[in-house]
Amino acid sequence: MRSIDVSEAIDKGPFGSFQWMVVALCGALLIVDGYDVFVAGTVLPTLIAEWGLTKPQAGALQAWALFGMMFGALILGPLADRIGRKKGVAISFVLFTSATVLTGFATSPEQFKIFRFIAGLGCGGLMPNAVALMNEYAPKRLRGTMVALMFSGYSVGGMVAAGLGIGIIPSFGWQPMFFIAALPLALLPLILWKLPESLGFLIRQGKQEEARRIFARINPATPLAADDRLVFTEAKGAKASIAELFRHGRALRTLMLWLSFFCCLLLVYLLSSWLPKVLQEAGYAERASLLSLFSLNFGGMAGAILGGRMGDRFGLPKVVVGFFAAAALSIAMIGMNPAPGLLFALVFVAGATTIGTQILLYASVAQLYNLSVRGAGLGWASGVGRIGAIVGPTLGGVLLARELPLGQNFLIFAIPAAVSALAMLVFALANNRVRENAQLAAA
């Protein structure tokens, strides 16, 4: 009888059609997730005019979905460690798609807030579970690339929101932008049918037969014998608790990741919520301002894929530090009121190094923690990041209400990127020190 470590087998095996299916399904889910998140930025100028909102009120309106995301990440991430990734993904998907459709029926800011909060619960739960699932099925040599490729769907969703906003909002108003979310519900039967459960979860639950069926699809060229037993070396790991995230020399790295998540998501949601409105007030046409949101998300997709490839080659921490430094520079330069061509290029870089880097941070968290606490690690990092996401739109509304010069606003916007670059530099140095100590202990 052989004991086959599924994690080791996936790392050494080929990346086949079954794993590509996982990438495609999780990517499709994140397209819908990204649409839900970024659609709010496309409708914000219209809501301000229709409901007579002040900028601080509009920023607070955006924050309700982000409050939901914070609680969704903190609750549904760890919950999936207990009920399984597949159930966690399905619950999250149904929550945010249904609530997004209902948002289109809102007739007041109060109703809008409630529906956006519920949608946020689902969005916040989906991200950490999808990342953890993809991280498990991708071999280590391709993990950063595959997680980033899957997560680029998030940016595609933002581009879809911006593109539809250009065509729909001027002619039909903001409500149809939310009704469109009913269409992706057709994906639910496919998700329940095709999306695999976590192998590590199945093994922990003693469901060997189900785990064997999934494992056989990963590498059909290597059939299992009748008496082979699948094992996962982390299957009997420590209890999934917040205290465990700070043990085994991970305290400093956990804190630096949380700080980076906070600042990065602050930037992502600050830019996605307010960029079109700020550019309209700076004199750019409505179409150009919405195209900037498209450019931001296109950059996010390109940055995620490029960053994932670079991370696999050079190490994620080094790449993340460089990306955050580029984010600080590009965001500061947007405030110089450049010509439209240069503006779109700078916004593209800003998207690549904020939205794209957010995806690399998720991959960094997934690589730091073992399976037994990975869901909790992803959930807490994402939850702390959501606090930054809440602060972002609210801070933007307060700053813009003060009517500071455009350049000064964007210099302030660039500060979180600089802080993140420093935090990830400390993370990288701590990572190197832990690796060197492990090598000395093994010698």
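Residue indices begin at 1 and follow the sequence shown. Both backbone and side-chain heavy atoms feed into the values below; hydrogens, waters and symmetry mates do not.
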Side chain proximity check, [X] to [Y], heavy atoms < 4.5 angstrom:
X	Y	result
Phe215	Ile4	yes
Gln358	Met127	yes
Trp20	Met146	yes
Val156	Asn297	no
Ile355	Met301	no
Leu47	Phe112	yes
Val278	Asn409	no
Val231	Val6	no

Closest non-hydrogen atom pair, [X] against [Y]:
X	Y	answer
Leu271	Leu293	O-CD1, 4.5 Å
Gly88	Ala80	CA-CB, 4.5 Å
Pro338	Ile334	CD-O, 3.3 Å
Leu270	Gly396	CD1-CA, 3.5 Å
Ala138	Phe15	CA-CE1, 4.2 Å
Val89	Leu29	CG1-CD1, 3.4 Å

[X] [atom1]: over 12 foreign heavy atoms closer than 6.0 Å:
X	atom1	answer
Lys86	NZ	yes
Arg313	CZ	no
Phe67	CZ	no
Arg250	CZ	yes

Exercise for the section: Give the ring-plane orientation class for Phe38 versus Tyr269, where under 30° counts as parallel, over 60° as perpendicular and anything between as tilted. Expected result: parallel
Got a second to check how far [X]'s [atom1] is from [Y]'s [atom2], nearest 0.5 Å?
X	Y	atom1	atom2	answer
Thr354	Leu265	OG1	CG	9.5 Å
Gln62	Leu66	CD	CG	7.5 Å
Cys123	Leu76	SG	CG	11.0 Å
Lys318	Phe427	NZ	CZ	13.5 Å
Phe344	Ser292	CZ	OG	6.5 Å
Trp174	Thr103	CH2	OG1	8.0 Å

Is it true that a side-chain atom of [X] and a backbone atom of [Y] form a donor plus acceptor pair closer than 3.5 Å?
X	Y	result
Ser295	Leu291	no
Ser98	Leu95	no
Gln19	Gly16	yes
Thr254	Leu245	yes
Trp258	Gly385	no

Practice task
Run the numbers on Ile331 and Thr353 for side-chain contact (heavy atoms from CB on, under 4.5 Å), then give the verdict.
Solution key: CA-CA 10 Å; Ile331 291 169; Thr353 52; over 6 Å; no
Using ring centroids (six-membered ring only for Trp), state whether [Y] and [X] fall under 6.0 Å.
X	Y	answer
Tyr137	Phe18	yes
Trp64	Phe71	no
Phe93	Phe96	yes
Phe178	Phe115	no

Handout entry: Under-4.0 Å salt bridge between Glu244 and Arg247
Key =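 Salt bridge between Glu244 and Arg247, a charged N being under 4.0 Å from a carboxylate O: yes.
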Exercise for the section: Give the intermediate values and the outcome of side-chain contact (heavy atoms from CB on, under 4.5 Å) for residues Arg217 and Met21. Expected result: CA-CA 11 Å; Arg217 296 174 64 193; Met21 179 192 71; 3.9 Å; yes
Exercise for the section: Evaluate the criterion side-chain contact (heavy atoms from CB on, under 4.5 Å) for residue pair Trp274 and Leu399; output intermediate values, then yes/no. Expected result: CA-CA 11 Å; Trp274 285 108; Leu399 284 174; over 6 Å; no
Handout entry: Audit row: Phe262, Trp380, ring pair (Phe, Tyr, Trp, His ring centres under 6.0 Å) steps and yes/no
Key = CA-CA 11 Å; Phe262 177 90; Trp380 275 96; over 10 Å; no
Problem - Result of checking Arg204, Arg85, Glu136 against Ser198 for side chain to side chain donor-acceptor pair (under 3.5 Å) - result: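 Exactly one pass, corresponding to Glu136.
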Exercise for the section: For a side-chain contact (heavy atoms from CB on, under 4.5 Å) with Phe324, tell me which candidate from Leu360, Leu361, Val419, Leu267 qualifies. Expected result: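 Only one of Leu360, Leu361, Val419, Leu267 forms a side-chain contact (heavy atoms from CB on, under 4.5 Å) with Phe324, namely Leu361.
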Practice task
Walk me through it: do Met336 and Leu406 pass the test side-chain contact (heavy atoms from CB on, under 4.5 Å)?
Solution key: CA-CA 7 Å; Met336 297 179 182; Leu406 184 70; over 6 Å; no
